[in-house]
Amino acid sequence: MSAGTADLLEARDLARSYTVRRGLLGRPTAVRAVDGISLRVARGETLGLVGESGCGKSTTARLVLGIEPPDTGSVIFDGNAMPPSGTAAWANLRRRMQMVYQDPLAALDRRLAVGVQIAEPLDIHRIGTAAEREERVAAVMAEVGLQPHHVARHPQSLSGGQRQRAVIARALVTNPDLLVCDEPISALDVSIQALVLNLLSDLQERLKMGMLFVSHDLRAVRQISQRVAVMYLGRIVEEGDPDAVLHEPAHPYTQALVSAIPHPGKTTSRVILQGDPPNPANRPTGCAFHPRCPVATATCRTETPELKPRRSDGRRVACHIAHGEAAAARAPALLETC
Amino acid sequence: MLHYLLSRLLRAAVSIIMVVTFVFVVLRMSGDPAMVIMGADAPPEAIDAFRKSWGLDQPLWVQYFSFFEAIFSGELGRSMRDGRDAMAVVLERVPSTLALTVPAFLVNLIVGVPAGVYAALHRNSLIDRCVMVMAVTGFAVPSFILAMLLVLILSVNLGWLPSAGQDSWLNAILPIATMGFGGAALLARFTRSAMLEVLGQPYIRTASAKGLPWSAVVWRHALQNAAIPTITIIGFMLGGLVAGAVVVESVFSWPGVGRLLVISVANRDLAIVQAIVLMIAITMVAANMIVDVLYGLVDPRMHGQARPARR
Amino acid sequence: MAFVEIRNLSVAFGRSPALRGINLAVERGEAVGLVGESGCGKSVTWLAALGLLPASATVRGSVLIDGTEILGAPKARLEPVRGGRIAMIFQDPAASLNPVHRIGRQIGEALGLHRGMTGQRAKAEVIRLLDQVGIPDAKNRINAYPHELSGGQNQRVMIAMALAGEPELLVADEPTTALDVTIQAQILDLLTTLRRDTGMALVLISHDLGVVSETCSRIAVMYAGRIVEEAPSGQIFTHPNHPYTRGLMGALPPLSGARRRLVAIPGSVPEAAHMPQGCAFAPRCNAATDRCAEVDPVPLPLTQDHSAACIHARPYHQAGHPSHHHAATTRERAMQ
Amino acid sequence: MARLRSLLERLNRMPILITIAVLWLVLMLAIAVSADLISPYRFTQMDLRNRLSLPVFMGGSWSHVLGTDELGRDVLSRLITSIRMSLLIAFGATIIGAVIGVTLGFVAAHFRGIVEQAVLALVDFSAAIPFLVLALAVLAFFGNSLVLFVCLLGFHAWERYARIARGLAISGRMHGYAAAVHQLGASPWRLYGRHILPNIASTLIVSMTLAFPEIILLESGLSFLGLGIQPPGTSLGNMVGFGREYLSSAPWIMLAPAFVITATALCVSLLGDWLRDRLDPTLS
Amino acid sequence: MPRFAAAQSADRPAVTVAVQRISTSNTLEMLTEQSNVGARIYTSYAETLLGNDWIGDMSLQPQLATGWKRLDDRTVDVDLREGVKFHNGDVMTAEDVAFSYGPDRMWGGGSVEVPDNVKAVARQALPAFERIEVLGPHKVRLHNASIDPVLEGRLSASIGMIVSKRAFLEAKSWMDWARQPVTTGPYSVAEYKPDSVLTLAAFDDHWEGRPPLRQIRFVETPETASRINLLRSGGADFACDIPPDQIATVEADKRFKVVGGPINNTRYTVFNKSHPVLANPLVRQALTHSVDRELIVESLWSGRTEVPRGLQWTFYGDFYIADHENPAYDPDKARALLRKAGYNGEPIPYRVLNDYYTAQTATAQINTENWRSIGLNIKLQMVENWGQISEGGPETRGIHDWSAAASLPDPYVQMSGSWGPAGSPWRNNQWRNEEFGNLSKELGSSTDRARRIAVWRRMLQIIEIEDPAYVVLHRNASFTAKRADIKWVPSQSFVMDFRRHNWSA
Ligand SMILES: Nc1ncnc2c1ncn2[C@@H]1O[C@H](COP(=O)(O)OP(=O)(O)OP(=O)(O)O)[C@@H](O)[C@H]1O
Ligand SMILES: Nc1ncnc2c1ncn2[C@@H]1O[C@H](COP(=O)(O)OP(=O)(O)OP(=O)(O)O)[C@@H](O)[C@H]1O
Ligand SMILES: [Mg+2]
Ligand SMILES: [Mg+2]
């Protein structure tokens with residue numbers, strides 16, 4: 001945190017559950033999608049958010065943007081608490097915070113041409129004249145690698161990657177202060193990925209844009225973020241410098257994750273996680289990861305580890321073993337670095 | 001669940017009170033029932049006496065409150081015309097109305113929905129055009145013209161079916177056909193439009209890619225997603241089941257609720273009108289509940305909107 | 001004969017061509033990777049093959065399964081193929097799942113269709129499939145609706161649904177974009193195992209070169225509606241021959257070392273309706289010559305199983321290095 | 001200029017049936033606008049010695065092209081005046097009903113909770129009130145004014161729009177695009193007007209094209225009960241209603257207006273369906 | 001025996017009659033069913049002491065009374081027919097007759113609660129009725145409180161249908177009775193579904209012998225076209241209330257015939273003298289002079305009815321003023337009258353019910369056109385019920401339609417009852433005329449026939465010419481379509497006579 005200025009975004013202790021009912025008469029059960037997350041994003045900084053599928057990343061993204069109200073916890077944007085969704089203050093904030101959706105097809109209105117949809121934030125926040133808007137849209141589209149003739153296309157007649165770029169363009173068109181990207185590049189080929197990642201870093205530098213970058217692509221995360229947080233079952237289990245986290249993962253889950261990164265042209269050995277995948281409707285006691293953890297001990301089964309800086313190098317991690325509070329049950333699997 | 005039911009019942013009560021009040025005010029303030037029922041030649045004393053005996057000489061609000069008082073004691077009042085218990089009069093008519101409306105409703109469903117689906121699947125084909133022209137014509141031809149034409153052809157000229165009355169089930173065929181035609185047309189058009197809306201969705205492609213035969217894709221996947229407008233219309237149809245159809249009942253001299261309503265409104269026979277309106281309101285409310293449950297069934301996203309579980 | 005053979009497949013939407021003559025063969029049990037520029041026609045290829053494109057598309061060419069033409073085949077011939085012989089995993093899982101049906105039902109449907117399973121048996125199988133793709137709490141999740149699942153979970157439902165029909169060929173269109181690497185690894189393992197055990201062929205469409213190289217034995221690179229390079233996966237990374245393929249390799253963000261600015265291929269794909277006369281990649285190619293703007297290159301065999309559609313591509317010896325001289329003969333051949 | 005050209009181009013692409021429909025509607029509008037100029041007689045002008053005279057195509061004279069009615073009035077002149085009246089009523093009421101219904105439906109869908117309950121209570125209320133009673137109310141309390149009459153008929157179908165709009169809007173809001181637009185900071189106006197409305201427009205268009213003939217017929221029913229357009233005024237429904245006794249003896253009195261009703265409804269529907277299909281970019 | 005009866009009844013036809021309305025009040029008791037509508041049905045199941053020769057000249061005929069003798073101006077002795085049975089098998093006695101005219105049924109104050117409006121109706125029909133005295137098992141004496149020139153005639157009024165005392169007292173309430181009366185007519189009420197169907201079954205113990213029909217069904221068929229179609233498709237043998245324009249349509253099929261014609265009911269249009277414009281008799285005279293009756297009869301009625309000489313009937317005998325003239329159709333004279341009256345375009349409302357009377361709307365439109373053509377600003381208002389016709393202040397009530405019927409050969413009952421000081425227009429301040437009022441009283445109390453005729457002539461002059469209260473349009477006509485092979489004669493009223501003397505097929 002730079003001295004004097006508050007963080008752009010600060011989330012404290014966010015939690016969110018969904019009720020699901022099985023059948024008409026089924027008993028409602030709570031699914032804890034996010035279970036106590038705190039994070040900060042400074043101006044000009046990118047926080048990468050990685051983690052297992054279904055661990056609550058998209059939900060976190062929605063919560064920090066105030067699209068959904070958290071059950072508990074609070075979001076502070078630019079020093080002020082997030083106004084309730086739907087209010088004028090909330091709506092005004094939107095020009096400063098934007099989101100790139102995970103599923104672009106669903107996030108686009110199939111009745112409107114993409115050009116119109118990209119221009120929409122400008123229309124909504126009455127930015128510029130009609131001509132300026134048109135110009136701006138053309139510029140953004142070019143920046144994300146869309147061609148001028150795509151302006152009049154409807155979402156369903158675009159390819160997956162083109163749609164994704166349309167969503168990115170829409171999010172960038174207002175030059176937001178905060179950008180939350182939920183899998184922004186998953187459908188892009190590497191060349192366009194490069195284009196988009198370069199674009200994002202440029203904007204970040206130029207506009208001091210803060211970014212929450214949710215992705216499964218650890219290369220991209222490393223490329224773009226200053227810090228990375230690893231989530232597991234609704235909580236952050238490790239946070240730190242991307243290189244450090246990716247090369248010397250402290251948490252056993254991170255270790256498994258890093259080992260699974262595929263490398264073009266090589267076939268590598270990796271840690272395949274054993275045991276059942278985690279179920280947010282039925283959270284294990286103690287450390288949520290312990291049923292699948294190769295090094296879990298008795299403590300892990302009963303005591304929930306806290307996310308705190310490790311004494312050795314100050315890495316924030318939530319693991320009894322990493323903190324040396326418990327001895328590993330077995331020697332950790334050999335992790336090769338690359 | 002309980003909360004849902006309670007709010008539903010509260011709303012139903014509010015609507016019903018509004019309906020009853022409205023009908024009361026309208027009927028009371030648009031023509032003197034004494035005059036209407038006794039006729040133009042009745043001596044003024046008779047009219048005064050009539051007014052007095054039905055409490056029509058009281059101020060409106062007194063009448064209103066005593067009317068509600070009576071309702072809460074389960075007494076809907078008596079017909080001003082012949083002194084019969086209003087509910088009994090209405091209930092006596094309901095079966096004969098249902099004898100027309102229920103089959104007509106089924107005809108609507110059985111003909112209308114498939115016709116709409118079919119037309120959607122063959123968009124712009126000759127068949128689509130024919131179905132839709134039929135549907136529009138069926139809807140735009142005044143029902144008494146349709147009824148009269150059916151009667152002229154099938155009863156008067158061919159002598160196959162009776163033209164009016166209520167002597168056997170044969171009498172019901174023509175009125176049901178008349179009513180069925182218009183309603184089916186309505187459903188067909190809504191269904192077609194909603195189907196077209198859905199057929200371009202990616203999940204329809206998924207279903208096809210699974211290898212489902214096209215008919216199964218349509219019936220199992222598309223129809224349910226397209227169902228909301230159709231269900232809404234079906235809800236209105238369900239709600240209208242007890243109200244009958246004025247024109248058709250008149251043309252076929254079918255003594256149903258619709259005609260009773262017209263006669264009773266014309267006579268300002270409040271108790272009967274209220275009894276009918278109450279029945280209609282209750283069916284409407286019931287139909288709405290059914291519709292809401294159906295909404296939830298066809299589109300799980302409409303159910304409760306994944307309300308957060310607050311701890 | 002190849003199990004599936006696509007010959008000269010071309011697709012146009014109105015006046016703009018999306019595919020400009022695709023030739024691709026997939027053998028039984030083979031895993032083919034399909035990579036390429038976003039919007040180059042990877043998805044359309046397979047949608048066209050299975051007859052799933054909207055009516056506005058004009059499709060030409062031929063798609064043979066075991067020698068039987070399925071392009072433009074009547075529904076009765078096409079339906080058993082879809083899902084049963086060729087299953088497809090779509091790119092946008094959330095939109096591609098029916099929002100009003102429970103996921104268990106959607107998967108069960110495929111089981112009923114292609115494996116005649118119903119009732120409890122089908123349910124047990126659905127749970128097994130969901131377990132297999134790593135959906136937690138499968139027993140309860142079969143009752144979930146797509147909107148109650150996360151992006152990655154929906155994607156896995158799509159995968160389970162495609163596997164339900166035990167297809168002979170699985171076309172997976174970016175099946176792991178929403179999955180974290182551990183689950184991705186698990187899914188890829190699963191696909192590989194299935195391939196080994198059942199002889200299922202796999203076409204993997206992906207942008208993740210790592211994923212493709214790990215899973216597939218052969219890789220086809222597409223650009224602007226054509227296959228521009230095709231090679232065994234080892235060779236394509238060691239001997240990328242088409243300049244586009246080389247560009248792709250170069251754009252990959254590194255996982256270690258100093259962070260440098262990424263190198264994207266400059267320029268953009270030409271508009272489909274206004275394809276340049278010569279090589280479609282020429283305007284963006286740093287090795288382009290005048291000739292490139294005139295000649296529309298056809299695939300040239302470089303080695304026995306490596307071909308590239310570039311007039312500058314040169315044959316090489318598998319062990320050796322490609323020479324840096326232009327072979328006139330190659331150029332001439334390309335011109336025919 | 002370019003716009004004009006593209007318009008012409010579009011017209012060129014219109015199927016023949018649609019062209020006919022458009023032409024018919026234009027004709028009707030022209031008749032409505034110039035009714036006073038083109039009608040050969042005053043529509044109330046009676047010629048009792050020349051009652052029920054045959055139309056030309058049944059062998060009548062050219063002085064009354066469509067024959068005369070039971071009071072010897074020129075059917076053509078009455079038809080022309082009726083077209084004006086009925087078009088006014090039908091278009092006016094259809095639009096009023098749609099606007100009120102859709103607005104309230106959206107309001108219900110947007111606010112949910114107590115507002116939704118209130119709107120739904122109103123819907124139930126209005127659906128349960130026999131239209132007859134409603135008509136009675138308006139006419140008894142406000143007199144027989146045309147404006148009120150149009151509003152009244154507009155109220156007829158509002159609850160259908162309201163329910164459909166609410167149902168579809170709730171379902172639409174669950175879609176990702178609505179959430180996305182909401183998060184862009186769009187006002188409810190924009191969300192409902194620009195995104196949800198076009199997405200549910202096709203159903204609403206169908207509903208409106210259905211409401212059109214319905215309203216004409218409803219007016220006929222009301223006229224018949226003495227609550228609609230009153231003699232000596234005339235409307236298509238009114239002509240059909242009063243002419244129906246003559247279905248077998250002098251069919252031209254009512255068949256001409258019945259034909260106009262049906263044909264206009266047909267054209268409106270064809271046009272509506274076509275428009276609906278055009279507005280739907282997923283079709284093509 | 002039952003078998004024989006069955007065989008017997010099987011050889012008699014059953015007929016179905018399609019009617020627009022069965023009973024306005026939904027009752028079969030004539031004390032509550034006061035409209036023209038009820039007249040059609042009641043003679044088939046109920047009988048009065050004196051009857052009318054409906055299909056003849058309307059003259060009084062013995063019915064349940066075999067003879068009557070006037071003792072003085074206020075008393076009549078009546079001999080009752082013997083061997084008359086009620087539908088419940090009881091034999092009719094003087095007790096039943098006295099009861100039928102007694103407090104329990106009509107006047108109240110007896111053991112049964114009588115609705116007040118019934119009392120009022122009874123009082124209007126029998127204004128000075130005192131009591132009926134039982135003189136013997138088959139002899140009664142009627143006492144009237146005042147002199148009544150038409151006392152016997154009143155015994156033929158429909159409200160005086162003779163009912164079974166036992167059955168009446170056994171009924172749960174007056175209204176229950178009114179829906180199921182037990183009477184003496186040739187047919188008994190087998191089933192009555194209000195607004196739908198009334199089935200009458202032959203009453204074989206009727207004093208005239210077995211009635212000619214096994215069963216009569218009146219089915220309510222509100223639509224004209226439906227009635228005709230019902231007839232044409234064989235669903236009915238009679239279709240009532242056929243508008244004149246449809247006669248040709250029906251008769252185009254040789255199997256059917258339309259019978260009927262003018263009846264003893266006259267259509268007229270009445271004025272509200274308290275309306276500021278109509279207060280001026282000149283304006284009203286102008287109105288009367290611009291009604292083209294002949295044209296209406298000619299066009300709307302195809303000439304099948306006639307224009308009476310004012311509100312009087314030929315069966316009035318020497319009360320019929322043969323030289324009385326209706327105001328002639330003379331637009332110029334009407335315009336002149338208007339000028340004289342200083343009328344300048346004030347609106348005059350004309351309230352019309354939608355075809356309550358046959359061709360009412362058409363007639364009203366013709367009148368309106370005629371009135372407008374002389375410069376009157378007539379505002380045609382279609383209203384929905386009688387209540388709305390009399391609503392509002394005097395300036396909102398101008399003109400409306402009415403009809404009048406007479407069944408006794410004396411103008412007093414009809415004219416004084418409708419327009420005299422006891423009539424509703426007088427009491428509603430719609431039309432009053434002092435001289436007319438006094439004459440009306442004299443007409444009712446005098447026994448000097450010549451004087452009464454003179455009084456009557458003057459009354460007509462006042463109410464139709466000098467200070468017009470109304471303008472007579474034409475006689476009403478009633479047309480009934482029937483199977484051509486049925487020999488059946490319509491009456492000069494709404495009554496349908498299905499007795500044995502009027503049936504053969
Ligand atoms: N329905 C359609 N109408 C018009 N053009 C279409 C349609 N569908 C696809 N296209 C165009 O066809 C081209 C190929 O699309 P396709 O979806 O196959 O691309 P892709 O290779 O799958 O790309 P991505 O990796 O981005 O998904 C694209 O340029 C796209 O814009
Ligand atoms: N509307 C909902 N109703 C019920 N459960 C939900 C809902 N939305 C999300 N969940 C559950 O919450 C959990 C977290 O979902 P979320 O979408 O945040 O995951 P994610 O981390 O984004 O995963 P992915 O990488 O697969 O997109 C999942 O288990 C999901 O099933
Ligand atoms: Mg997600
Ligand atoms: Mg694709």
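Chain naming here is simple, since letters A, B, ... match the order of the sequence lines and numbering starts at 1 in each. Worth knowing before you read on, the calculation uses all heavy atoms, side chains too, and leaves out hydrogens, waters and symmetry mates.
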Would Arg160(D) pass as a cation-pi partner of Phe236(B), given that its NZ or CZ must be under 6.0 Å from the six-membered ring centre and within 45 degrees of the axis?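 Arg160(D) over Phe236(B) ring: no.
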Top contributor to chain D interface from [options] [non-hydrogen pairs under 4.5 Å]:
options                                   : value
Val285(B), Val291(B), Val133(B)           : Val133(B)
Val265(B), Leu27(B), Val14(B), Leu10(B)   : Val265(B)
Arg189(B), Met284(B), Arg192(B)           : Arg189(B)
Val277(B), Leu261(B), Val23(B), Leu186(B) : Leu186(B)
Gly235(B), Ser15(B), Gly240(B)            : Ser15(B)

Options Ser202(D), Ala263(D), Ala265(D), ranked by heavy-atom pairs under 4.5 Å with chain B, top entry: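 Looking at each option in turn, the highest pair count goes to Ser202(D).
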Output the option from Ile216(D), Leu210(D), Val206(D) having the highest count of non-hydrogen pairs under 4.5 Å with chain B.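 With the most close heavy-atom pairs to chain B, the winner is Leu210(D).
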Quick one: [atom1] on [X] to [atom2] on [Y], what's the gap to the nearest 0.5 Å?
X         : Y         : atom1 : atom2 : result
Thr21(B)  : Phe125(D) : OG1   : CZ    : 8.5 Å
Ile228(B) : Ile200(D) : CD1   : CD1   : 10.5 Å
Phe190(B) : Thr203(D) : CZ    : OG1   : 7.5 Å
Met18(B)  : Leu122(D) : CE    : CG    : 5.0 Å
Asp124(D) : Ile280(B) : CG    : CD1   : 13.0 Å
Tyr295(B) : Ile170(D) : OH    : CD1   : 8.0 Å

Quick check: are there more than 12 heavy atoms from other residues, nucleotides or ligands sitting under 6.0 Å from CE of Met289(B)?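 Yes, CE of Met289(B) has more than 12 neighbouring heavy atoms, counting only those of other groups under 6.0 Å.
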Counting only heavy atoms not in Phe155(D), do more than 12 sit closer than 6.0 Å to its CZ atom?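 No, because the 6.0 Å sphere around CZ of Phe155(D) holds 12 heavy atoms or fewer from other groups.
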Thr137(B) to Thr262(D) - nearest heavy-atom pair and separation: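 Residues Thr137(B) and Thr262(D), closest heavy atoms: CG2-CG2, 3.7 Å.
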Can you give me the closest heavy-atom contact between Ala128(D) and Ala281(B), atom names plus distance?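 The pair with the smallest heavy-atom distance is CB-CA, 3.5 Å.
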For the residue pair Ile164(D) and Ile233(B), establish whether any side-chain heavy-atom pair is separated by less than 4.5 Å.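 Counting from C-beta outward, Ile164(D) and Ile233(B) do come under 4.5 Å.
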Interchain contact, Ser207(D) with chain B, by part (heavy-atom threshold 4.5 Å):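 Both parts, backbone and side chain.
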